[in-house]
Asker: 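One structure coming up, written as structure tokens, with questions to follow.
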Amino acid sequence: MDLNLLEKISDFEWRIPKHGKMRVPGIIFASEELILNMDMKVYEQVTNVAALPGIVQGSYAMPDAHWGYGFPIGGVAAFDPDNEGVVSAGGVGFDISCGVRLLSTGFKREEFEPYKEQLADALFAHIPAGVGSKSRINLTMKQMDDMLHGGAVWAVKQGYGEWDDLERIEDNGRVEGALPEHVSEHAKKRQKNEMGTLGSGNHYLEIQEVQTIYCEKTAAAFGLAQGDVVVSIHCGSRGLGHQIGTDYLRSMLIYAQEHGIQLIDRELACAPIRSPMGERYLGAMRSGINCALANREIITHFMREVFQNEMPGTQIKLIYDVSHNTCKEETHQVEDKTMRLFVHRKGATRAFGPGHPQLTKAFSHVGQPVIIGGSMGTASYVLVGVASAEHKSFGSACHGAGRAMSRHQATKQWRGSEIIERLAQQGILIRSSSYRGVAEEAPEAYKNVDFVVDSAQASGLTQKVAKLKPIVCVKG
DNA sequence: ATGTAC
């Protein structure tokens, strides 16, 4: 991206001044180096989003931003429902409520070391992963609707997961306002036997070691100490979310045509929040969120079964579960006004600071855990929400490393088998059904997650708590 | 991300 197009606010905050059809400025939170390496497409997409009806305050890009469908991945935008505000399927993303959860195993690295090979094999055997992976759970259409209403709460009621998990999931494991009747039959059929599956792409289940602690007090509040063995699960709403995105993108395009709405980019198809189309999408999207929350809960259950078999007596506790592809109705302060807004976070994590009324008791005094999934074989981070993010980004932070290179380009440059061998030499075990998938996820195909997280902290969006180093990675 | 193109 050309720095000459931006106004520098600080070393880590840059403004795209309002021009053309923009209703608000664009703001990119990143170091000069990250911005120089960002695609011009990010500039275009942040600018296009700024022109959507009802957008409030700014169109934001996080330090991990890259080119996405319509909205950039790493994009945050909030809309006023009472002033023409819209909801956009491309603004949520196709993998609705894709997210990461972090769990503690109670083991230290030295205790775990002798078990790592057998755990890697058992997890890979027990948890379905890869393109089109199928589950041993097969839901009826009635059960699908119950799941879409109930999210992780439904999963726990079915015997997958533990009751104590729920208060450690965003929205306590289930969002209100899901309307499964607005999810197509086709979407539900695709998902019937995909509950508890990892999927492919950048999704994974990883066993990690807490390598560095940046803030002892917050780490202790989260239940993390140096040398602890933890598990991260990164996945979303699988075929269901994707089908909802596909269905509503088409419907929103037709809606725009019928209502004479001019779209700068067809990929930004959207509908007013206060319209039948907007309400139907929101109801379907919330069903997608519940599906992803249930999916991560079921995968957690399968993972706990594996630990129970291989290391009997293990108690695995959920630390937190965040989503990073959502649109949520939230209360925010805009200048001196309190507003109800619909906040799109696409490849961006909610990051509420201490004292935020939506946080559960466990985190109300310390701030929300923000879990950053790094790329395969590289570090992940645990961050904490800070109050300053509230007025900067509607309480949002980055979500991962962010791609630096397309999947196609990555497969031309690396071979999966070589990457697995190289990581094995570093003591990192990869288990995957697809060499091509591994090549697409080569560490070098991503931005440096350290730089992304440092930028997020320096720009006042979040604070570092801990750095996690991979030990075992089960990939799709 | 995705039954990696209806």
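Reminder, nothing fancy here: chain letters follow the sequence lines and each chain counts from 1.
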Asker: How would you list, by chain and number, every residue that makes a side chain to side chain contact (heavy atoms under 4.5 Å, CB included) with A:S88, sequence neighbours excluded?
Answerer: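 With sequence neighbours excluded, A:S88 shows a side chain to side chain contact (heavy atoms under 4.5 Å, CB included) to A:F71, A:C270, A:H344, given in chain and number order.
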
Asker: To the nearest angstrom, how far is A:F94 atom CZ from B:dT2 atom P?
Answerer: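 Those two atoms, CZ and P, are 12 Å apart.
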
Asker: Between A:R407 and A:V131, name the one whose nearest nucleotide on DNA chain B is closer to the 5' end.
Answerer: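 This one resolves to A:R407.
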
Asker: Applying a 4.0 Å non-hydrogen cut-off, can you work out what A:H234 is touching in the nucleic acid: base, sugar-phosphate, or nothing?
Answerer: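 Here A:H234 touches no strand at all.
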
Asker: Nearest whole angstrom, please: distance from the P of B:dT4 to the CD of A:E441.
Answerer: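 Result: 17 Å.
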
Asker: Mind checking if A:E194 touches a base, just sugar-phosphate, or nothing, with heavy atoms under 4.0 Å?
Answerer: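 Sugar-phosphate contact only.
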
Asker: Just the rounded figure in Å: distance from C1' of B:dC6 to CZ of A:R250.
Answerer: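 Distance check: A:R250 CZ to B:dC6 C1' gives 10 Å.
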
Asker: If we count only N and O atoms by modelled type, under 3.5 Å, do the side chains of A:S133 and A:R238 hold a donor and an acceptor together?
Answerer: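 The answer is yes; a qualifying pair exists.
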
Asker: Rounded to the nearest Å, what distance is computed from the CG atom of residue A:D247 to the P atom of nucleotide B:dT2?
Answerer: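 Distance check: A:D247 CG to B:dT2 P gives 16 Å.
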
Asker: What integer distance in Å separates A:R238:CZ from B:dT2:C1'?
Answerer: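 In whole Å, B:dT2 C1' lies 8 Å from A:R238 CZ.
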
Asker: Should we say atom CZ of A:R266 is surrounded by more than 12 heavy atoms from elsewhere, each under 6.0 Å from it?
Answerer: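 No, not enclosed.
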
Asker: Nearest whole Å is fine: how far is B:dT2 P from A:K134 NZ?
Answerer: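 These atoms are roughly 11 Å apart.
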
Asker: Please, which pairs that meet ring pair (Phe, Tyr, Trp, His ring centres under 6.0 Å) have at least one residue in residues 180-200 of chain A, sequence neighbours excluded?
Answerer: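 Sorted pair list comes back empty.
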
Asker: Whole-Å distance between B:dT2 C1' and A:N295 CG?
Answerer: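 Computing the A:N295:CG to B:dT2:C1' distance gives 14 Å.
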
Asker: For B:dT2, does either OP1 or OP2 sit under 4.0 Å from a side-chain N or O belonging to A:S200?
Answerer: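 So the side-chain polar atoms of A:S200 do come within 4.0 Å of the phosphate oxygens OP1 or OP2 of B:dT2, strictly under.
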
Asker: Could you give the NZ-to-P distance, from A:K189 to B:dT2, as a whole number of Å?
Answerer: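 In whole Å, B:dT2 P lies 21 Å from A:K189 NZ.
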
